[in-house]
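As the structure is a computational prediction, the values presented were derived from the model and not from experiment.
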Amino acid sequence: MNKIFATAALFLPLALASLQASAERADSLKPTSIKFADAHIDEATQTRTFTGGVVLTRGTLTVMADKAVATETPDGYSYLTLTAAPGKFVSFRQKSDRGPDQWFEGRAERIEYDDRAELVKLFSKAVIKQSEGPTVTQEMDSEYIAYDSRKELLVGYNDPTGASVPGKGRGTMIYQPLRKTAATAAAAPAPAAAR
């Protein structure tokens with residue numbers, strides 16, 4: 001899988017992870033809005049904390065969490081932790097560049113992003129989906145999902161610690177076939193002849 005969502009927060013010089021490389025690229029050029037109940041900006045430690053129904057939007061990307069904490073290293077890299085209130089989820093949704101009605105979305109109880117490593121981790125009841133219109137084309141659920149953008153490596157483990165624990169549970173991956181059925185192919189218009 002490619003990157004799923006990418007953004008930088010206006011007050012947070014950081015980038016949220018992307019699990020889908022084809023996430024809406026134009027979003028990175030749009031302003032970011034963060035809505036929150038409370039904010040605590042500590043310039044000495046380069047830590048920014050937003051709490052209370054945090055809603056981050058940038059272009060087609062929307063991220064919702066109960067709490068967002070971002071820290072920045074002296075060399076400009078960021079680490080972001082998004083957490084949900086008990087019994088709820090951090091969620092995100094973003095349009096894809098792949099088509100006019102393709103979307104990426106996901107949820108977990110906690111999401112972490114390491115800007116330096118280009119690594120996103122979804123902890124506890126994690127789900128990621130790709131859809132085209134109302135149809136889900138790919139979906140993965142597991143207690144832990146991680147995506148390494150540099151290696152283009154997606155993993156799912158049955159324990160929220162990021163470990164595979166024998167007998168702990170199972171994840172699920174669902175995806176639609178890439179090739180078309182005979183009926184679908186027959187209904188599609190024929191390609192134009194070369195001139």
Side-chain angles (χ1 to χ4, degrees), residues 1-43 46-73 75-85 88-123 126-134 136-140 145-150 152 154:
M1 276 191 130
N2 302 326
K3 296 183 181 180
I4 286 184
F5 65 101
T7 188
L10 182 62
F11 302 110
L12 318 171
L14 56 96
L16 286 176
S18 293
L19 294 180
Q20 296 290 347
S22 58
E24 184 86 357
R25 289 184 182 101
D27 286 351
S28 65
L29 303 174
K30 304 233 169 108
T32 301
S33 168
I34 302 172
K35 296 186 180 194
F36 54 86
D38 299 297
H40 181 84
I41 313 297
D42 186 338
E43 294 298 332
Q46 291 298 298
T47 303
R48 289 132 175 105
T49 304
F50 299 91
T51 57
V54 178
V55 179
L56 184 148
T57 56
R58 182 173 193 160
T60 66
L61 173 70
T62 300
V63 179
M64 293 185 278
D66 186 57
K67 183 177 183 180
V69 178
T71 56
E72 185 178 357
T73 63
D75 53 351
Y77 289 100
S78 300
Y79 191 84
L80 176 67
T81 302
L82 299 156
T83 54
K88 300 201 176 203
F89 297 100
V90 175
S91 65
F92 62 88
R93 186 168 198 258
Q94 184 174 29
K95 189 175 182 308
S96 167
D97 279 338
R98 290 185 179 176
D101 198 18
Q102 292 192 7
W103 294 84
F104 301 114
E105 59 188 289
R107 65 150 174 84
E109 290 180 358
R110 184 174 88 243
I111 297 176
E112 296 179 3
Y113 178 62
D114 182 335
D115 183 33
R116 181 188 306 271
E118 296 181 29
L119 179 66
V120 63
K121 301 175 186 177
L122 291 84
F123 298 88
V127 175
I128 56 173
K129 295 179 184 180
Q130 180 178 345
S131 61
E132 186 166 353
V136 174
T137 57
Q138 293 183 48
E139 180 175 356
M140 181 179 199
I145 297 173
Y147 183 74
D148 183 322
S149 296
R150 291 182 185 163
E152 295 187 12
L154 177 69

Charged N to carboxylate O under 4.0 angstrom, Arg48 versus Glu43? yes

Distance check, rounded to the nearest 0.5 Å: Leu56 atom CG versus Thr62 atom OG1? 8.5 Å

Nearest 0.5 Å, please: how far is CZ in Phe50 from CG in Leu82? 11.5 Å

Quick check: closest heavy atoms across Leu80 and Ala70, and the distance to 0.1 Å? CD1-CB, 3.9 Å

Met140 side chain reached by Ile145 side chain, heavy atoms, under 4.5 Å: yes

Are Thr71 and Gln46 close enough, and set up right, to give a side chain to side chain contact (heavy atoms under 4.5 Å, CB included), and what steps lead you there? CA-CA 5 Å; Thr71 56; Gln46 291 298 298; 5.9 Å; no

Gln102 vs Thr137 side-chain heavy atoms within contact, under 4.5 Å: no

Give the minimum heavy-atom separation between Arg116 and Tyr77, together with the two atoms involved. CA-CD2, 3.3 Å

Closest contact, heavy atoms only, Phe36 versus Thr51: CB-O, 3.7 Å

Between the side chain of Ser91 and the main-chain N/O of Arg107, is any donor-acceptor distance below 3.5 Å? no

Passing candidate, side chain to side chain contact (heavy atoms under 4.5 Å, CB included) with Glu105, options Glu139, Gln130, Lys129: Lys129

Measuring from atom OG1 of Thr47 to atom NE2 of His40, what distance do you get when rounded to the nearest 0.5 angstrom? 8.0 Å

Interatomic distance, Met64 atom CE to Phe89 atom CZ [nearest 0.5 angstrom]: 13.0 Å

In this structure, CG of Leu119 is separated from CG of Asp114 (nearest 0.5 Å) by 6.5 Å

If you look at every heavy atom in Gly76 and Asp115, which pair is closest and at what distance? O-OD2, 4.1 Å

Are Glu132 and Trp103 packed together at the side-chain level, in the sense that at least one heavy-atom pair is separated by less than 4.5 angstrom? no

Taking all non-hydrogen atoms of both residues into account, name the closest pair between Asp148 and Ala117 and its distance. OD1-O, 4.3 Å

Minimum heavy-atom distance between Glu109 and Lys88, given as atom pair plus value: CG-O, 3.9 Å

Roughly how far apart are Phe104 CZ and Leu61 CG, rounded to 0.5 Å? 12.0 Å

